[in-house]
Each structure stands twice: as C-alpha cells, then as structure tokens.
Protein chains: 2
Amino acid sequence: MTKSSRAAAAAPAPRSLDEVLDLIRDRGGRVTASRRLLLEVLFASPGHHSVEELAKLVQAVEPEVHLSTIYRNVEELERLGVLEHSHLGHGPATYHLTTGAHTHFVCEECGTSIEAPDALFEHLAAQALERYDFAINPHHFAIVGRCASCR
Amino acid sequence: MTKSSRAAAAAPAPRSLDEVLDLIRDRGGRVTASRRLLLEVLFASPGHHSVEELAKLVQAVEPEVHLSTIYRNVEELERLGVLEHSHLGHGPATYHLTTGAHTHFVCEECGTSIEAPDALFEHLAAQALERYDFAINPHHFAIVGRCASCR
DNA sequence: GTGCTTGCAAACGTTTTGCAGACTC
DNA sequence: GAGTCTGCAAAACGTTTGCAAGCAC
C-alpha cells in the first residue's frame, strides 16, 4: 500500500506535544488546560482509547473536564492529523496517535487487537485498485476474525 | 465487551423463503405475519439494508409492524444464518441475505459500496494466518477507501 | 393451553449540539 | 476586546429491554 492518503492534510508524521500545541496555535486555536492535558495523556499512553477512557485519564488529573470537551478536542485533533479513530468492533470508536499507519486485526471472540503494518496489504491494495478501481485505506475499520487462542 | 455468541454454525447456503420458514419452525419458532413479511421483503430486494429501511419496506405493506420487531427478527434470522450484518461506515449496520460471502469496499467520500469476492482476500488471509496466527473474516466490517470517481 | 412473539414505552450507550460564561491570545 | 473554548443540560442516534396482551402451534 502506498502513502496513507487520508482525507485532508498530507498527514504529517507524528510529533511531540509541543509541536502539536504549535499546530493548534497556527490555525488560530487556543491552548487551553484541558487540551494540553488531553495531549499529555495521549502522549503518555499511546494505545487505543475510547473517548470515555480518555476522559477518565484526563479527569484523574482534572475532574472538571467534561466528556463533551474530550469529544470536541478529539475531533479537532483528528482534523489536525494528530489523532485517528478506528472502529475495532461494536461499541465505541477508539482513538490513537497517528504514529505509523497500521491496520487492526480484532478477534471477534475475545476482542484482542493485533496491529499489522501496511506492507501486509500491498497485494490486496494493488488488486483492489486494478480490478475495482478502489484505493483502500484499511486503517479506519478493523479486519475481524479469530485469534490463535480463540480457535 | 459484548459476547458475540453468533457465528459457530457452519453457515448453510442461501435458501428460499419457504426453506427459511421451515427452518424457523424446526427450531420451535412461530411463523408470524411480520416475520413472513420481513422475509418477503428481504428476498424481494436482496441488497444491503439498515433496520430502519427494512422497517419502512415492511410497513409499506403492514404499518402496524414495530421497529423493535424488525430488530428482533433480524437478530433471529442472523442466528439462523439467513442474514448477516456488516458495518459499512458510520451509521447503522446493514443486513443482507447470506448469499455467497463477500467483502465490502466502501468509499469514505460518497459512501458507495462495492462487493468483492473472497478470492481477493486469499493472499491477505494466508499472510495473516502465517505471520500473526490470525484467521480473518472480513465480511463483518468494510474496507474503507476512495472509489474511482472520488479520487 | 403453552409459550413464542408482538406492540409499546422506556431505557440504553455513544455521540452531538445549543447556550451562556470563561478563557486565550 | 474578539473570538475560541468550556461546562452543562438536553437531545439525537441506533439499539435493546421489560412488560402485558396476542397469536401460532
């Protein structure tokens, strides 16, 4: 698979917290306490988190921060290319830093999620493009199946 | 994490309306007006439909049928292997008859959905199994990307 | 008659929105 | 001071559930 041609901005690589804050200021946004805190949490535990989980982490430090604020910030950060969300199954979407695109294999039995590099999808991507004129971007939805221990 | 007790059953091939009615009776279910009507609708327009769409189609004939009845019947029919649902993007799940398994390519721009045969995924499936010990079942979630006209 | 199925209403979990006040720049 | 961002409450959305009445067998 080629470049992850995601929506808008030619997705810049991952970055540091400070770089993100600059990015926010650059496009006219304000660096507020809850925004900075959310980013600290994200950089501190860069896995997949639902909005609810992120809220819990943020609220452990600053209980005042409201769930809807997390939703709005997460949306904003996604617009900036800092975050991505994926649907790893039923239930809430999960957000993660855009560090090296990867796809998720999620076990439909136990929910375990395995990350796989884009390279694995090169063949499928080529075929999809050739035969269906379709440019895949598998990051957004997980590929479901069964993991080794559930078979 | 919701327990997806579904699956298991070595999904029998598609069938006629009457076969499905027999199947329902076989396992002790009753053939009711709304159930038969839902099946008629499904066999008459065998595409992908959200529950809401199915309800509209059913209610065009029998307005009394309640949305929750469709939900319950669709769930039951999935248990019987007659239907499958997939998540083609954000928004509601879509149901379709289990006619020959296929995977969906969904354009994240215009929402168009393209059906692709399983054969296309053989290579990926083999790789996933070999390298990650993961048995993929891509039918449940769509592969997103951009279609020809949106690029 | 038994017990599966229905309509209804109400609740659910996730996400979005309108608003007045608070804050960043 | 202008304009962005926040907390809150409420609603929107798709889906599930408890219940009493209704229907298939």
Side-chain angles (χ1 to χ4, degrees), chain A residues 18 20-39 48-56 58-59 61-80 83 85-95 111 140-141, chain B residues 1-6 18 20-39 48-56 58-59 61-80 83 85-95 111 140-141:
Chain A
D18 285 337
V20 177
L21 296 184
D22 284 349
L23 202 64
I24 290 172
R25 272 186 280 253
D26 280 359
R27 55 97 254 194
R30 277 86 206 265
V31 174
T32 64
S34 49
R35 211 163 260 186
R36 166 178 274 121
L37 188 49
L38 172 59
L39 282 165
H48 301 87
H49 306 286
S50 69
V51 171
E52 193 105 28
E53 284 163 5
L54 289 173
K56 283 226 168 59
V58 165
Q59 285 162 355
V61 181
E62 188 57 79
E64 297 292 272
V65 177
H66 201 271
L67 186 58
S68 66
T69 299
I70 308 286
Y71 269 104
R72 287 192 263 230
N73 281 333
V74 128
E75 189 185 346
E76 173 67 6
L77 290 173
E78 192 163 29
R79 207 174 297 130
L80 293 178
L83 289 185
H85 78 273
S86 15
H87 302 270
L88 299 188
H90 293 165
T94 67
Y95 286 80
H140 192 202
F141 276 83
Chain B
M1 189 152 313
T2 43
K3 197 103 305 170
S4 63
S5 50
R6 50 169 250 89
D18 285 336
V20 177
L21 297 185
D22 285 347
L23 202 63
I24 289 172
R25 273 186 279 252
D26 280 357
R27 54 97 253 194
R30 274 88 207 263
V31 175
T32 64
S34 49
R35 213 164 260 185
R36 165 179 274 121
L37 187 49
L38 173 59
L39 282 165
H48 300 86
H49 307 287
S50 69
V51 170
E52 194 104 29
E53 283 162 7
L54 290 173
K56 282 228 169 58
V58 165
Q59 285 162 355
V61 181
E62 189 55 79
E64 297 292 272
V65 178
H66 201 270
L67 184 58
S68 66
T69 298
I70 309 286
Y71 270 105
R72 288 192 262 230
N73 281 334
V74 127
E75 189 185 346
E76 172 68 5
L77 291 173
E78 193 163 29
R79 209 174 295 130
L80 293 177
L83 288 184
H85 79 273
S86 16
H87 302 271
L88 300 188
H90 293 165
T94 67
Y95 286 80
H140 192 204
F141 276 83

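FYI, side chains are in, hydrogens and waters are out, and symmetry mates aren't considered; it's all heavy atoms of this structure. The sequence lines fix the lettering, A, B, ..., with proteins before strands; numbering per chain opens at 1.
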Exercise for review: Using the test salt bridge (charged side-chain N to carboxylate O under 4.0 Å, His left out), find all partners of B:Arg72 that sit at least two apart in sequence or belong to another chain.
Suggested key: none
**Study point:** Non-neighbouring partners of B:Arg25 that pass side-chain contact (heavy atoms from CB on, under 4.5 Å), sequence neighbours left out
**Key:** B:Leu21, B:Asp22, B:Val31
Point to revise | B:His49: ring-ring contact (aromatic ring centres under 6.0 Å, His included) partners, not counting sequence neighbours | key: none
Revision key, fill the gap. Bend of the helix from C:dG1-D:dC25 to C:dC25-D:dG1 from end-axis comparison, five pairs per end, nearest 10°, comes to 30°
Exercise for review: Name every residue in residues 31-38 of chain A that has at least one heavy atom under 4.0 Å from any atom of DNA chain C, in order of residue number, or write none if there are no such residues.
Suggested key: A:Val31
Review point. Going by heavy atoms closer than 4.0 Å, what residues in residues 62-71 of chain B are next to DNA chain D?
Key: B:Leu67, B:Ser68, B:Tyr71
Check your understanding: Checking all strands, does B:Gly29 fall into the base, sugar-phosphate, or nothing category for heavy-atom contacts under 4.0 angstrom?
Key -> sugar-phosphate
Check your understanding: What residues form a side chain to side chain donor-acceptor pair (under 3.5 Å) with A:Glu75, not counting sequence neighbours?
Key -> A:Arg79
**Study point:** Counterpart residues, side-chain contact (heavy atoms from CB on, under 4.5 Å), relative to A:Glu62 (two or more places apart)
**Key:** A:Leu37, A:Glu64, A:Val65
**Study point:** With B:Ser86 via side-chain contact (heavy atoms from CB on, under 4.5 Å) - residues at least two apart
**Key:** B:Leu88, B:Thr94, B:His96, B:His104
Check your understanding: Which nucleotide span of DNA chain D, 5' end to 3' end, has atoms closer than 4.0 Å to non-hydrogen atoms of chain B?
Key -> D:dG14 to D:dC25
Exercise for review: Using atom CZ of B:Arg79 as one end and atom C1' of C:dT5 as the other, report the distance to the nearest whole Å.
Suggested key: 13 Å
Review point. What residues form a side chain to side chain donor-acceptor pair (under 3.5 Å) with B:Thr69, not counting sequence neighbours?
Key: none
Study note, to complete from the structure: Of C:dT6, C:dG3, C:dG18, the nucleotide closest to the side chain of A:Arg72 is C:dG18
**Study point:** Listed partners of A:Asp26 passing side-chain contact (heavy atoms from CB on, under 4.5 Å), at least two apart
**Key:** none
